[in-house]
Enquirer: 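Quick one: structure below, then a few questions.
Note that this is a predicted model, so its numbers are computed, not measured.
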Amino acid sequence: MNANVLANAFGPREGTALRVKQVALVVLGVAALAIAAKIKVPMWPVPMTMGTFAVLTIGTAYGARLGLITMMGYLLVGALGFDVFAGSSAEKFGLTYMMGGTGGYLVGYLLATVMLGALAARGWDRSVGKLAFALLLANVLIYVPGLLWLGQLYGWDKPILEWGLTPFLAGDAIKLALAALLIPAVWKLVGNARG
């Protein structure tokens, strides 16, 4: 873990205790991702799930390496058939679900997590403005593979943007704003607690 990310601002920083902390963070992160994916906030034109909010905050708070391990753990749990994704169910889960319309977005989660973690390690997570820009870039990294996957899966003659982008923009703007305000605020609390 990079010393400059939020996950390293508390607790042990070396040895076995650090490894225990990292394992605990991964387990908590996977659980948070699974729970957030199932939270649906009523909104127009589609309900807003909190899954991408969890991806954005974990990527930023954990850093590139621990964030990526956490995200891969989440995807592994989903691939094993556990109901951890927003649209999965008892009838459609595991690799079947992952290879469907959501597949590209899941790849985007990995890309966004690594990019956010790298920028957070450079201090972008301490400024609302810089973090908002990083989160916007992260959303692009989620949408690009997601839309490309939808186009390949269903055909480019279909309304891909109407299916996989435009209905989600308002909700994503809200989640982006929440994450951009939350992480720098937590950094201020950490700084005040140490001071």
Enquirer: Is F82 reachable from V30 through a run of I, L, V, M, F, W or Y residues, each pair having side-chain heavy atoms under 4.5 Å apart?
Expert: yes
Enquirer: Within the distance-only criterion (no hydrogens, no angle test), does the side chain of R13 pair as donor or acceptor with the backbone N or O of L18 below 3.5 angstrom?
Expert: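 Flag not set: sc R13 to bb L18 has no pair under 3.5 Å.
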Enquirer: Treating T57 as the side-chain partner and A54 as the backbone partner, does any N or O pair qualify as donor plus acceptor under 3.5 Å?
Expert: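 Yes; at least one donor-acceptor contact below 3.5 Å.
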Enquirer: Give every donor-acceptor pair under 3.5 Å between a side-chain atom in residues 42-50 and any protein atom, sequence neighbours left out.
Expert:
none

Enquirer: Minimum heavy-atom separation for A37 to Y74, with atom names?
Expert: CB-OH, 3.7 Å
Enquirer: About how many Å separate CE of M71 and CD1 of I69, when rounded to the nearest 0.5 Å?
Expert: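 So the CD1 of I69 and the CE of M71 are separated by 12.0 Å.
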Enquirer: Would you compute the distance between atom CZ of F168 and atom OG1 of T166 and round it to the nearest 0.5 angstrom?
Expert: 8.5 Å
Enquirer: Transitively linked via ILVMFWY side-chain contacts under 4.5 Å: L178 with I39?
Expert: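 Yes, same cluster.
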Enquirer: Could you state the interatomic distance from CG (L169) to CD1 (I174), rounded to the nearest 0.5 Å?
Expert: 11.5 Å
Enquirer: Hydrophobic clustering (ILVMFWY, side-chain heavy atoms < 4.5 Å, transitive) - are L80 and V77 grouped together?
Expert: yes
Enquirer: Give the minimum heavy-atom separation between W187 and N4, together with the two atoms involved.
Expert: CZ2-O, 3.5 Å
Enquirer: Does any N or O in the side chain of K21 come within less than 3.5 Å of the main-chain N or O of A7, such that one atom is a donor and the other an acceptor?
Expert: yes
Enquirer: Given 3.5 Å as the limit, does a donor-acceptor pair link the side chain of Y62 with the main chain of L68, or not?
Expert: no
Enquirer: Supply the atom-to-atom distance L148 CG to L153 CG, rounded to the nearest 0.5 angstrom.
Expert: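 One gets 12.0 Å once the value is rounded to the nearest 0.5 Å.
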Enquirer: Does anything in residues 170-187 form a salt bridge (Lys or Arg N to Asp or Glu O under 4.0 Å)? List the pairs, not counting sequence neighbours.
Expert: D172-K175
Enquirer: Any side-chain heavy-atom pair from L56 and I183 closer than 4.5 angstrom?
Expert: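 No, too far: nothing below the 4.5 Å cut-off.
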Enquirer: State, yes or no, whether a side-chain contact exists between T60 and L6 at a heavy-atom distance under 4.5 Å.
Expert: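 Answer no - side chains too far apart.
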Enquirer: For residues L25 and F10, report the shortest heavy-atom separation together with the two atoms involved.
Expert: CD2-CZ, 4.3 Å
Enquirer: Look at K130 together with D125 and state whether they make a salt bridge at an N to O cut-off of under 4.0 Å.
Expert: no
Enquirer: Can you tell if the side chain of I58 reaches within under 4.5 Å of the side chain of F53, non-hydrogen atoms only?
Expert: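 The answer is no, as the side chains (C-beta and beyond) never meet within the 4.5 Å cut-off.
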Enquirer: Strictly distance-based, threshold 3.5 Å: is any side-chain N or O of T52 a donor or acceptor partner for the main-chain N or O of V55?
Expert: no
Enquirer: At their closest point, which heavy atom of S127 faces which heavy atom of P184, and how far apart are they?
Expert: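 That closest heavy-atom pairing would be C-CG, 4.1 Å.
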Enquirer: Could you go through F85 and L75, starting from their C-alpha distance and side-chain angles, then the distance that decides it, and tell me whether this counts as side-chain contact (heavy atoms from CB on, under 4.5 Å)?
Expert: CA-CA 9 Å; F85 301 122; L75 295 178; 4.0 Å; yes
Enquirer: Any link between I142 and L165 through a network of hydrophobic side chains (Ile, Leu, Val, Met, Phe, Trp, Tyr) touching at under 4.5 Å?
Expert: yes
Enquirer: Taking side chain as C-beta onward, heavy atoms only, is L176 less than 4.5 Å from N139?
Expert: yes
Enquirer: For T70 and L33, what are the C-alpha separation, side-chain angles and deciding distance, and is it a side-chain contact (heavy atoms from CB on, under 4.5 Å)?
Expert: CA-CA 9 Å; T70 302; L33 287 159; 4.2 Å; yes
Enquirer: Under 3.5 Å, which donor-acceptor pairs do the side chains of residues 98-124 form with other protein atoms, sequence neighbours left out?
Expert:
from: T102; atom 1: OG1; to: Y97; atom 2: OH; distance (Å): 3.2
from: Y105; atom 1: OH; to: G164; atom 2: O; distance (Å): 2.8
from: T113; atom 1: OG1; to: Y109; atom 2: O; distance (Å): 2.7
from: R122; atom 1: NH1; to: A118; atom 2: O; distance (Å): 2.8

Enquirer: Take atom NZ of K40 as the centre, draw a 6.0 Å sphere, and report whether it contains more than 12 heavy atoms from other residues, nucleotides or ligands.
Expert: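 Count not over threshold, so no.
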Enquirer: Evaluate the side-chain proximity of L131 to L135: yes if any heavy-atom separation is below 4.5 Å, no if none is.
Expert: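 Yes, close enough: below the 4.5 Å cut-off.
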Enquirer: Under 4.5 Å between side-chain heavy atoms, counting indirect links through other Ile/Leu/Val/Met/Phe/Trp/Tyr residues: same cluster for V84 and L95 or not?
Expert: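 Per the 4.5 Å side-chain linkage, V84 and L95 are co-clustered.
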